Structures are given as structure tokens and as C-alpha cells.
Enquirer: 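Mind looking over this structure? Questions follow.
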Amino acid sequence: MEHQRMDARSLGAMAVVLVLWASAFAGIKAGLVSYSPGEVALLRFLVGSATLGVYAALTRMRLPEPRDWPGLAVAGLAGFTLYHVALNYGEMRVSAGAASLIIAAVPIFTALLAVVFLGERLRPAGWAGVAVSFLGVALITFGQGKGIAFDPYALLIVAAAAGSSVYFILQKPYLGRYSPLELTTYTMWAGTVPMLVFLPGLVKAVPHASPAATASVVYLGVFPAAIAYLAWSWILSRMPASVTASFLNVSPVLAIAIAAVWIGEVPTPLSIAGGAVAIAGVVLVNTKGRMPRRPRPGSSRRPWRSGAP
């Protein structure tokens with residue numbers, strides 16, 4: 001199928017995806033009012049997994065091949081369990097806007113892992129972009145402390161970004177056999193299973209949680225975790241991954257604006273400056289830093305990044 005140009009419907013779907021994914025950072029903060037970070041992750045993905053389960057049943061989505069189950073399980077552990085639990089714990093002290101700025105550096109971690117494990121190469125401009133982006137992440141990390149001080153909770157967001165990057169590397173062998181939506185569904189289900197360790201606490205917390213906090217977490221599961229992925233997969237079926245991924249650099253700006261309106265939270269000026277530096281590094285790597293390489297036989301699809309919180 002030949003990719004189309006970005007038409008009005010694709011732009012509309014992209015706008016929905018960006019707003020939903022950007023809103024998740026504030027939604028996590030709202031959920032943490034009544035739930036622990038692990039409970040937020042579990043409730044969110046129980047709802048998200050059920051929502052995608054309904055879609056899978058209605059569309060008769062095929063199950064993955066048994067030989068792929070171990071790899072998909074490991075990918076789900078990295079991309080959902082590690083990513084979201086670490087992100088939620090990090091947001092106990094890191095502002096929603098600053099968290100979104102750190103997560104925006106995911107392509108940098110992905111590029112480094114691709115060099116090590118996939119044999120991809122970076123030009124000198126690419127390595128410069130990596131250095132610039134890490135400088136930006138460092139500024140964000142120091143900008144979360146009181147004054148200009150290091151906040152260790154920001155490292156949990158960095159760990160979440162690293163987990164997401166591992167997920168993108170692990171999923172590459174499967175993108176030739178499964179659609180992005182199928183892959184997301186399988187790995188979301190797999191990543192939700194380890195979160196069941198938080199089930200006893202969640203059962204106790206639900207009756208005492210505020211309705212607003214519960215509604216926020218349910219919103220996270222239905223909209224950023226399920227509907228946005230459905231829309232994203234539809235966009236990927238129509239547009240090149242490189243074009244769609246470029247729009248994701250807008251997400252931190254939206255996340256900061258939504259957090260300011262929803263929970264009255266704005267990152268520090270140093271964190272915002274660091275975010276601008278980090279995103280500049282991402283743009284440099286994606287536009288000038290990668291060396292072209294011959295595709296391997298049978299690998300017609302390119303890895304895609306979601307940038308999804």
C-alpha cells in the first residue's frame with residue numbers, strides 16, 4: 001500500500017493522539033493523589049487491556065505465534081511494566097511537564113541501543129546530537145531540585161525512557177509479522193501481568209480513593225492507552241513512520257500546557273530550557289545523524305516510536 005500525503009483526516013487523528021498522549025502526564029499526577037504509583041499503572045492497564053481486548057474480539061484479531069510469546073513478554077516487561085511503573089514513581093516528585101521533556105529523549109536512547117544491537121551507525125552529527133540531548137536531560141534533572149539541585153526521582157524518569165527504548169529495539173523483529181496495533185496489544189497484555197503484584201493494594205485503595213483520582217486513571221486506560229494507540233496505528237497505515245514521528249516533538253509543549261490547566265503545575269525554567277536542548281539533540285540525530293544502511297532481507301518495516309506516556 002502506498003503511503004498518502006498528510007490529509008485533513010490524518011492531521012485530525014494526529015492532533016487527537018498528541019493531545020491524549022500529552023495529557024497522560026497530568027493524568028498520572030491526578031491519579032497519584034489517591035493511588036500508589038504501582039496501583040495507578042495496574043488500574044490504567046487493566047482498563048487499557050480490557051478496552052483493546054474488546055477491540056481484538058470485535059475485529060477477530062489473531063493471536064501471536066507461540067514461538068513469539070517469550071520475546072513479546074520481554075518487550076512488554078520493558079515497554080509497559082518498567083516504563084510505566086518507573087514513570088509513575090518518578091512523577092511523585094518530578095513535574096508532569098518535566099517528565100514529558102525527559103521522555104522526549106527516548107529516540108536518543110533508542111539510537112544508542114540500535115548502534116549496539118542492530119548494527120546501525122551514527123554520523124558525527126548524530127553523536128553530537130546524543131551529547132546535546134543528554135546535556136538537556138541533565139539540566140531537566142537538576143532543575144527539579146530545590147534551587148539548582150539534583151533530584152534522584154528524575155533518574156526514574158530516565159530509567160523509564162531507557163525501558164521504552166529497549167522496547168522499541170525488541171519489537172523490531174516482530175514488525176515484519178505483526179501490525180503496530182497487534183504488537184501493542186500483545187505487549188500491553190504481557191506487560192500488565194507483572195503489574196498484578198500491585199493488585200492487593202489496588203483492591204484496598206479503590207473504595208477509599210477520590211472519584212476524581214479514579215476517573216483520571218480510568219481515563220488514562222481508555223484514552224491515552226487504548227484509543228490513542230488505535231488512532232496511531234491507523235495513521236501509521238497511511239503515513240511513513242519518519243513523518244509521523246516528527247510530530248511527537250510537539251508533545252512536551254502540549255503536556256506542559258495541559259498540566260498547567262489540569263493540575264496547576266509548571267516545570268521550572270531550568271527544566272524547560274533543558275527540554276529545549278534535549279529536543280534539539282533529538283532533531284539533530286533524526287535529521288542529520290543517522291547513516292543509511294541496507295535493509296536486512298525480510299525486514300520491510302521500520303521501527304516506530306510512540307512517545308506514549
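Note that the coordinates shown come from a computational prediction; the quantities given were computed from them, not determined experimentally.
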Enquirer: With a 4.5 Å heavy-atom cut-off, do I103 and Y83 have their side chains touching?
Expert: yes
Enquirer: What's the spacing between Y89 OH and S36 OG if we round to 0.5 Å?
Expert: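 Rounded to the nearest 0.5 Å, the OH-OG separation comes out at 5.5 Å.
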Enquirer: Kindly indicate, with the supporting measurements, whether the criterion side-chain hydrogen bond (donor to acceptor under 3.5 Å, both in side chains) is fulfilled by Y55 and T185.
Expert: CA-CA 10 Å; Y55 179 83; T185 301; over 6 Å; no
Enquirer: Verify, without hydrogens or angle tests, whether W262 (side chain) and G27 (backbone) share a donor-acceptor contact under 3.5 angstrom.
Expert: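 Flag not set: sc W262 to bb G27 has no pair under 3.5 Å.
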Enquirer: What distance do R44 atom CZ and T192 atom OG1 have between them, rounded to the nearest 0.5 Å?
Expert: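 With rounding to 0.5 Å, CZ (R44) is 10.5 Å from OG1 (T192).
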Enquirer: Are V47 and L220 side-chain neighbours, meaning at least one heavy-atom pair lies under 4.5 Å?
Expert: no
Enquirer: Starting at NZ of K29, measure out to CD of E265 and round the result to the nearest 0.5 Å.
Expert: 4.5 Å
Enquirer: Are V17 and F223 joined in one hydrophobic group, where the rule is that I, L, V, M, F, W and Y side chains link up if heavy atoms are under 4.5 Å apart?
Expert: yes
Enquirer: Are the side chains of L77 and P194 in touch, meaning some heavy atoms are under 4.5 Å apart?
Expert: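 In short, these two side chains touch, coming nearer than 4.5 Å.
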Enquirer: How close do K204 and P207 get, counting heavy atoms only, and between which atoms?
Expert: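 Scanning both residues, the minimum pair turns out to be O-CD, 3.3 Å.
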Enquirer: V33, M92: one ILVMFWY side-chain cluster at the under-4.5 Å cut-off?
Expert: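 V33 does not cluster with M92.
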Enquirer: So how far is it from E65 CD to L72 CG, rounded to the nearest 0.5 Å?
Expert: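 Rounded to the nearest 0.5 Å, the CD-CG separation comes to 10.5 Å.
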Enquirer: Indicate yes or no: at least one non-hydrogen side-chain atom of V94 is less than 4.5 angstrom from one of L156.
Expert: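 No - every pair of side-chain heavy atoms lies 4.5 Å or more apart.
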Enquirer: Search all heavy atoms of S34 against all heavy atoms of A205 and return the closest pair with its distance.
Expert: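 Shortest heavy-atom contact: O-CB, 4.5 Å.
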Enquirer: Please round to the nearest 0.5 Å and tell me the distance separating atom OG1 of T184 and atom OH of Y229.
Expert: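 Rounded to the nearest 0.5 Å, the OG1-OH separation comes out at 5.5 Å.
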Enquirer: Please find the pair of heavy atoms, one from T214 and one from A209, that lie closest to each other, and give the distance.
Expert: OG1-CB, 3.6 Å
Enquirer: Is there a path of hydrophobic side-chain contacts, each under 4.5 Å between heavy atoms, that joins I227 and L58?
Expert: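 No, I227 and L58 fall in different hydrophobic clusters.
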Enquirer: Locate the shortest heavy-atom distance separating A161 from I102; write the atom from each residue and the value.
Expert: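 It is CB-O, 4.3 Å.
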Enquirer: Are L42 and V197 close enough that some pair of their side-chain heavy atoms sits under 4.5 Å apart?
Expert: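 L42 does not reach V197 side chain to side chain.
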Enquirer: Show the numbers, then the answer: is there a side-chain hydrogen bond (donor to acceptor under 3.5 Å, both in side chains) between N88 and Y35?
Expert: CA-CA 10 Å; N88 292 357; Y35 295 99; over 6 Å; no
Enquirer: Nearest heavy-atom pair of V85 and A41: which atoms, and what distance?
Expert: CG2-CB, 4.1 Å
Enquirer: When the aromatic ring centroids of F80 and F45 are compared, is their separation below 6.0 Å?
Expert: yes
Enquirer: Do P64 and Y174 have side-chain heavy atoms sitting under 4.5 Å apart?
Expert: no
Enquirer: Just so I know, are the side chains of Y178 and M61 near enough to count as touching, which here means a heavy-atom distance under 4.5 Å?
Expert: no
Enquirer: Do you know which two heavy atoms are closest between L46 and L202, and how far apart they sit?
Expert: CD1-CD2, 4.2 Å
Enquirer: Please tell me whether L18 and L181 are part of a single hydrophobic cluster in this structure, the criterion being side-chain heavy atoms less than 4.5 Å apart.
Expert: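 Cluster IDs for L18 and L181 match.
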Enquirer: If the plane angle is over 60° it's perpendicular, under 30° parallel, otherwise tilted; pick one for W21 and W232.
Expert: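 W21 and W232: tilted rings.
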Enquirer: If you round to the nearest 0.5 Å, how far is OG of S164 from NE2 of H84?
Expert: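 Reported to 0.5 Å precision, the distance equals 7.5 Å.
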Enquirer: If you group Ile, Leu, Val, Met, Phe, Trp and Tyr by side-chain heavy-atom gaps below 4.5 Å, do L32 and Y153 land in one group?
Expert: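 In one cluster with L32: Y153, yes.
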Enquirer: A side-chain contact here means heavy atoms from C-beta on lying under 4.5 Å apart; do F25 and L87 qualify?
Expert: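 Answer yes - side chains close enough.
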Enquirer: Which is it for W234 and R9 under the side-chain contact (heavy atoms from CB on, under 4.5 Å) test, yes or no, and what are the steps along the way?
Expert: CA-CA 11 Å; W234 180 79; R9 286 197 301 168; 4.0 Å; yes
Enquirer: Verify side-chain contact (heavy atoms from CB on, under 4.5 Å) between L101 and I256, making sure each step is shown before the conclusion.
Expert: CA-CA 9 Å; L101 291 167; I256 291 170; 4.3 Å; yes
Enquirer: Could you tell me whether the side chains of S23 and Y219 share a donor-acceptor contact shorter than 3.5 Å?
Expert: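 There is such a pair (donor and acceptor under 3.5 Å, judged by atom type) between the side chains of S23 and Y219.
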